[in-house]
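Excluded from the calculations below are hydrogen atoms, water molecules and symmetry mates; all remaining heavy atoms, backbone and side chain alike, are included. Chain A is the first sequence line, chain B the second, and so forth, proteins listed ahead of strands; every chain is numbered from 1. As the structure is a prediction and not an experimental result, all values here were calculated from the model.
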There are 2 protein chains.
Amino acid sequence: MQLADAPSDRRPLRRGSARAAILGAAARLFAERGFTHATVRDIAAAAGADPALVKYHFGSKEALFLEVVQQHNEWRDLVETPLEELAVAVVTALLDADAAGRGRQVFAALVRASDSPSIRSRLAQSMEEQFVRPIAARLEGAEAELRARLFAAQVHGLMTVLWLIDDQALLRDDRAAIVSRYAAALDVVLRADD
Amino acid sequence: MQLADAPSDRRPLRRGSARAAILGAAARLFAERGFTHATVRDIAAAAGADPALVKYHFGSKEALFLEVVQQHNEWRDLVETPLEELAVAVVTALLDADAAGRGRQVFAALVRASDSPSIRSRLAQSMEEQFVRPIAARLEGAEAELRARLFAAQVHGLMTVLWLIDDQALLRDDRAAIVSRYAAALDVVLRADD
DNA sequence: TGTTGAACTCAACGGCGTTGAAGTAGGCGC
DNA sequence: GCGCCTACTTCAACGCCGTTGAGTTCAACA
């Protein structure tokens, strides 16, 4: 009897490596399918691990998601752009689907899972750290923080339309026109009063 | 025989009225808890009906949700405001938590359930019918539709920050300042080029 | 009155996140 | 080397989810 054992596709994973394997599989599957449709069982299977290990290593599916999303701060360097070019740079970046690839999926997953208070506060923190604080610190004039916050709101509006609603009509429009018009609106809150 | 029958709390629902009862309970529970956390069993129980009737009358939980959300067009009359006052009127309305009460919950439920293609397209349709089309029809100058679309994007940004992220920091700011600054940005895309 | 079909009930299915008990391996003192 | 102790892993099962199909009730019509 040959009993070749044929483990087909489930290699046993060296002992102790399950945590990292799960984290990697979760990053991929959460991005591809979102929080709800990436199941713990699928993530574990993709990592070659047991579903119960998700609870053992991370505590819950939600905690795993937060861990995955924790290291995504894609826009950090973008907002370092000089203030005069910031609005154009941001809108251009959002419209660049390729560059936005992973950040887009993470944003969508975060927003759609924002039922949960902890995920919602992570979303708020993400907005705060990536937009509000760095921009407010550089703004001159009155109400710098409020203006940075309204800037972030406008940016989230474009993200929502492009990445959540996936508005095809907007994509059919002239990209240059979108950039110049939306950037002009962004500049209104960036500029200090006369 | 009097047949007082007192069925404790589960009144039998007159035959034929289950559909309406489910629709009403669904409207309340979807708004209160969102799509995911309002379960079919809870909705049916609140309506005094059997869970299987949801499928019988509506086809699926998702179809029931779409039916509930179908008749929510809260902003229809708001965008009838004269163009000169439109931006201020919209921002003021969004900041008015009481007036926004039900529309706020429906918006949050829609966005968070936008995983599903049919719900996502309903969200797109909602943006289109309540903002883009009525405003584009009244705009003068070049690229009226694009400008209306960018107006809608900005509005969705404020909705997201206020109603999804539930940004407390923004609410601590001066409402008048928010209105004047965000409205100014909205006006940039509303106004025709010089 | 007998028939028919829409409305409804009920038990069950497979899949979900999670749980707790049982098993296993690897490092450390002896 | 031996045994233990702890961290890691496995497995079966729980309760809940949306959904399903077969069976039942009831009102309207011929």
Nearest of D/dT10, C/dG17, D/dT9 to any side-chain atom of A/A18?
D/dT9

Counting side-chain heavy atoms from CB outward, which of D/dT9, D/dT19, C/dG17 is closest to B/P51?
D/dT19

Would one find a side-chain N or O of A/H57 under 4.0 angstrom from OP1 or OP2 of D/dT9?
yes

Whole-Å gap separating P (D/dC17) and CG (B/L29)
12 Å

For a side chain to side chain donor-acceptor pair (under 3.5 Å) with A/S126, tell me which candidate from A/Q130, A/R122, A/E128 qualifies.
A/Q130

Whole-Å gap separating C1' (C/dG17) and NE2 (A/H37):
15 Å

Among C/dC8, C/dG17, D/dT9, which nucleotide sits nearest the side chain of B/L53?
C/dC8

Out of D/dT10, D/dG21, C/dG17, whichever nucleotide has its closest atom nearest the side chain of B/A52:
D/dG21

Distance check needed: D/dT24 C1' versus B/D50 CG, whole Å only.
12 Å

Rounded to whole Å, the CZ-P distance (B/R19 to C/dC8) equals 11 Å

A/H72 vs A/F107, test: ring-ring contact (aromatic ring centres under 6.0 Å, His included). Steps then yes/no.
CA-CA 10 Å; A/H72 267 279; A/F107 173 81; over 10 Å; no

Starting at CD1 of B/I43 and ending at P of D/dG18, how long is that distance when rounded to a whole Å?
8 Å

Specify the separation, in whole Å, of atom NZ of A/K55 and atom C1' of D/dA13.
14 Å

Counting only side-chain nitrogens and oxygens, does B/Y56 get under 4.0 Å of the OP1 or OP2 atom of C/dC8?
no

base_contact_polar (D/dG18 base, B/R41 side chain, donor-acceptor, <3.5 Å):
yes

B/R33 and B/D42 ion-paired at < 4.0 Å
yes

A/F58 atom CZ is separated from D/dT9 atom P, nearest whole Å, by 11 Å

Between B/R33 (CZ) and D/dC16 (C1'), how many Å, whole number?
14 Å

Should A/V188 and A/V88 be regarded as members of a common hydrophobic cluster, given that ILVMFWY residues are connected when their side-chain heavy atoms come within less than 4.5 Å of each other, either directly or indirectly?
no

Fit a plane to each ring of A/F131 and A/F151, take the angle between them on a 0 to 90° scale, and name the class: parallel (under 30°), tilted (30 to 60°) or perpendicular (over 60°).
tilted

